[in-house]
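Numbers restart at 1 for each chain; the letters A, B, ... are given by sequence-line order, proteins then strands.
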There are 2 protein chains.
Amino acid sequence: MRKQGAAVGLRDIAEMTGVSLTTVSKILGGKDKLFADATVARIRQAAQQLNYRPNAIARNLRCGRTRTVGAMIPLIGYFSHVLSGIHSTLFEHGYAVIIGTPPKLNTASDDQTEAQVIHQLIERNVDGIILRPSSEQFERAYFDEIWQRNVPLIAIDRELSLFKTDFVGTDDEAIGAAAARHLADLGHRRLLFIGRDDVQTAELRGLGFRCAAGEVEGASCAHFVGAGQWQEVASVMQRDDRPTGIFCYSDAVAERLITRLQEWGVRVPEDVSVIGAGNTKMVRELTTFDQQPYEIGKGAAQLYLKRINEDTRAASPTIIRLPAILIPRATTAPPPA
Amino acid sequence: MRKQGAAVGLRDIAEMTGVSLTTVSKILGGKDKLFADATVARIRQAAQQLNYRPNAIARNLRCGRTRTVGAMIPLIGYFSHVLSGIHSTLFEHGYAVIIGTPPKLNTASDDQTEAQVIHQLIERNVDGIILRPSSEQFERAYFDEIWQRNVPLIAIDRELSLFKTDFVGTDDEAIGAAAARHLADLGHRRLLFIGRDDVQTAELRGLGFRCAAGEVEGASCAHFVGAGQWQEVASVMQRDDRPTGIFCYSDAVAERLITRLQEWGVRVPEDVSVIGAGNTKMVRELTTFDQQPYEIGKGAAQLYLKRINEDTRAASPTIIRLPAILIPRATTAPPPA
DNA sequence: CTGAAAGCGCTAACAC
DNA sequence: GTGTTAGCGCTTTCAG
């Protein structure tokens with residue numbers, strides 16, 4: 001007599017059907033071709049009847065595979081779509097996703113928290129980790145823990161500088177180029193990029209923007225990054241020959257810009273056109289780029305699955321940069337006559 | 001000699017220090033008070049040196065506890081904040097969160113997918129499940145699987161009708177009441193609620209709205225729910241004595257309403273005031289309620305921790321409804337003279 | 001204070 | 001086709 005409430009296991013099915021535990025394991029484990037049809041049917045039925053669910057924990061302990069991956073990626077906003085893509089794709093393949101987002105704890109420093117998260121994932125024997133690097137020079141120590149244990153690592157959104165890993169992100173240069181061309185097509189010639197100098201994605205977008213701008217007949221292109229950029233913006237926007245087409249590397253920056261422009265009495269888009277990136281719906285009707293975050297997540301999951309099937313850590317990393325889609329809305333228009 | 005690359009285990013530490021595996025287990029497991037300080041120090045040091053990480057899988061198999069909870073809750077938008085609250089709180093207590101969001105699969109029906117998700121969680125032996133019911137008459141069969149196995153279940157946002165469980169959500173009636181009072185305070189007397197008849201939260205908000213409206217001197221309150229509500233809105237807004245203060249049960253509905261009002265040439269807030277709920281930033285400057293989703297997640301996690309510590313499923317369920325905070329913005333104003 | 005032995009639920013090698 | 005045995009890495013009696 002089993003303890004009341006205890007989970008039903010292979011043994012229960014074996015006892016019930018008068019067959020050995022091993023046989024049950026094999027049949028329910030998919031190796032049913034080796035057995036007599038009658039036995040298979042009998043086992044299957046008993047399993048169903050007892051409402052048997054395999055114990056993944058036990059299975060994993062034996063096989064050393066957990067079919068679980070850790071996702072170290074923000075939960076909010078843009079990245080929630082990435083996570084959704086990761087989860088859906090992995091779920092279809094029988095994998096579970098365990099959240100490895102470093103929470104904002106009031107007790108510990110960020111570094112400690114991040115290390116703790118990695119410990120948690122390692123202790124739970126995740127088969128892989130999908131990571132959006134929180135900073136680009138991610139602490140080497142954290143990674144060694146992952147690297148040494150040979151856990152496949154897929155980076156998202158920003159490439160890691162210290163380790164060469166598989167990567168899925170946005171084609172940032174192409175975004176910049178497309179922004180410049182969109183403005184140029186509308187007739188703008190005095191262009192401005194507002195970015196940052198400490199974020200990879202921002203730099204690449206600026207690069208693409210300037211390159212494409214350089215190919216436009218008669219275009220000039222300014223470029224403000226880093227601390228003090230808002231003062232620069234403020235001063236340049238006072239001038240008669242101020243830029244009329246501005247590309248901000250993110251929607252958040254575009255929003256701040258538009259707020260300021262309105263304060264200065266500059267109308268958008270009549271006087272100045274503004275483009276953002278991310279499609280994060282912060283400002284209504286902002287012309288922006290949809291970076292297809294769900295697809296990025298899906299791509300990362302697929303890359304992961306490919307990686308573990310090949311089982312070759314040695315193979316050179318795959319880098320995928322997905323195109324973003326321009327969404328023209330109400331903040332871009334031809335320049336004033 | 002251990003196999004190259006294999007994880008270091010208790011045995012390795014035992015061999016290294018010349019002490020028994022059991023002793024190592026106990027010391028590293030926190031029962032260090034029972035041992036000689038010298039031994040404890042020796043073991044600790046060896047563990048550090050070998051970079052030992054306990055294998056949670058093995059531990060769990062032995063103890064029957066996984067310190068993992070499943071979160072069956074949407075990943076996007078409002079609920080991503082709830083998830084964040086759940087994750088942060090549980091993480092502080094050593095729990096991991098595994099994603100149990102039913103993904104939109106193109107192959108299976110929703111019901112099948114939901115069942116599969118539950119199987120996945122059960123098979124991984126989650127210690128509990130935090131759920132935002134996707135429909136209110138959630139299929140009984142799914143739950144029996146959870147219920148029978150005695151897995152603590154915490155509901156979020158909407159109470160389950162079939163099972164009495166712990167619950168954390170918003171004080172929906174209070175939201176409705178506060179919306180009515182806000183409009184009344186601004187001077188509105190002809191009020192309107194736009195809701196739904198098949199969603200618990202919407203109904204409760206409507207109830208609170210009407211009750212509070214009833215207590216306002218000279219106020220009248222209409223109430224549109226269910227199919228055909230937009231036709232009703234359209235027709236009532238033509239009239240001379242149309243409502244001047246409207247409360248929509250969600251931001252999404254408020255957004256749709258404002259779009260329509262603008263099409264009809266009705267100005268917001270000069271002619272009509274509109275309030276939403278959720279603070280989902282869909283429309284800029286919408287007067288709405290912040291439902292404190294992070295706090296709701298945190299509350300659910302705390303309730304879960306309390307529940308497993310008591311270990312009494314028999315105890316009556318705890319129901320928590322957190323207040324929402326009115327955020328007055330640009331879509332509410334005094335009525336036209 | 002410390003250790004030997006049993007066993008969590010399952011899979012995999014190797015018999016018959 | 002089916003059963004026996006060993007053991008994944010750990011915790012937990014129970015015995016010194």
> Which nucleotide in the set D:dT5, C:dG3, C:dC8 lies at the smallest distance from any side-chain heavy atom of A:T22?
D:dT5
> Rounded to the nearest angstrom, tell me the gap between atom CG in B:N55 and atom P in C:dC10.
17 Å
> Just say parallel, tilted or perpendicular for the rings of B:W147 and B:F163, cut-offs at 30° and 60°.
tilted
> Send over the distance from A:D32 CG to D:dG1 P, rounded to a whole Å.
12 Å
> Phosphate oxygens OP1/OP2 of C:dT2: is one of them under 4.0 Å from a side-chain N or O of B:T39?
yes
> State whether B:Y52 places a side-chain N or O below 4.0 Å from either non-bridging phosphate oxygen (OP1 or OP2) of D:dC10.
yes
> May I ask you to test the A:Q302-A:T89 pair for a side-chain heavy-atom distance under 4.5 Å?
yes
> Tell me which of A:G18 and B:R53 sits closer to the 5' end of DNA chain D, going by the nucleotide each one is nearest to.
A:G18
> Nearest whole angstrom, please: distance from the P of C:dT2 to the CZ of B:R42.
8 Å
> Ignoring hydrogens and angles, answer whether the base of D:dG1 and the side-chain atoms of A:K26 contain a donor-acceptor pair closer than 3.5 Å.
no
> Using whole Å, what does the distance between atom P of nucleotide D:dT11 and atom CD1 of B:I13 come to?
11 Å
> Could you state the CG-C1' distance from A:L61 to C:dG7, rounded to the nearest angstrom?
12 Å
> From D:dG9, D:dA6, D:dT2, pick the nucleotide closest to the side chain of A:V19?
D:dT2
> Side chain to side chain contact (heavy atoms under 4.5 Å, CB included) with A:L303: which of A:I130, A:T165, A:I320?
A:I320
> First locate atom CD1 of B:I76, then atom CG of B:L83, and finally report the distance between them rounded to the nearest 0.5 Å.
10.5 Å
> Describe the nucleic acid contact of A:L21 in one word from base, sugar-phosphate, nothing, applying a heavy-atom distance below 4.0 Å.
base
> In whole Å, I'd like the distance from the CD atom of A:E15 to the C1' atom of C:dG9.
13 Å
> Whole Å only: how far is the CZ atom of B:R62 from the P atom of C:dG9?
9 Å
> Between C1' on D:dT12 and CG on B:L34, what's the gap in Å once rounded to a whole number?
13 Å
> Taking the basic N atoms (NZ, or NE/NH1/NH2) and the acidic carboxylate oxygens, is any pair closer than 4.0 Å for B:R44 and B:D32?
yes
> Among C:dA12, C:dT2, D:dG1, which nucleotide sits nearest the side chain of A:F35?
D:dG1
> With respect to the phosphate group of C:dT2, does any side-chain polar atom (N or O) of B:T23 fall under 4.0 Å of OP1 or OP2?
no
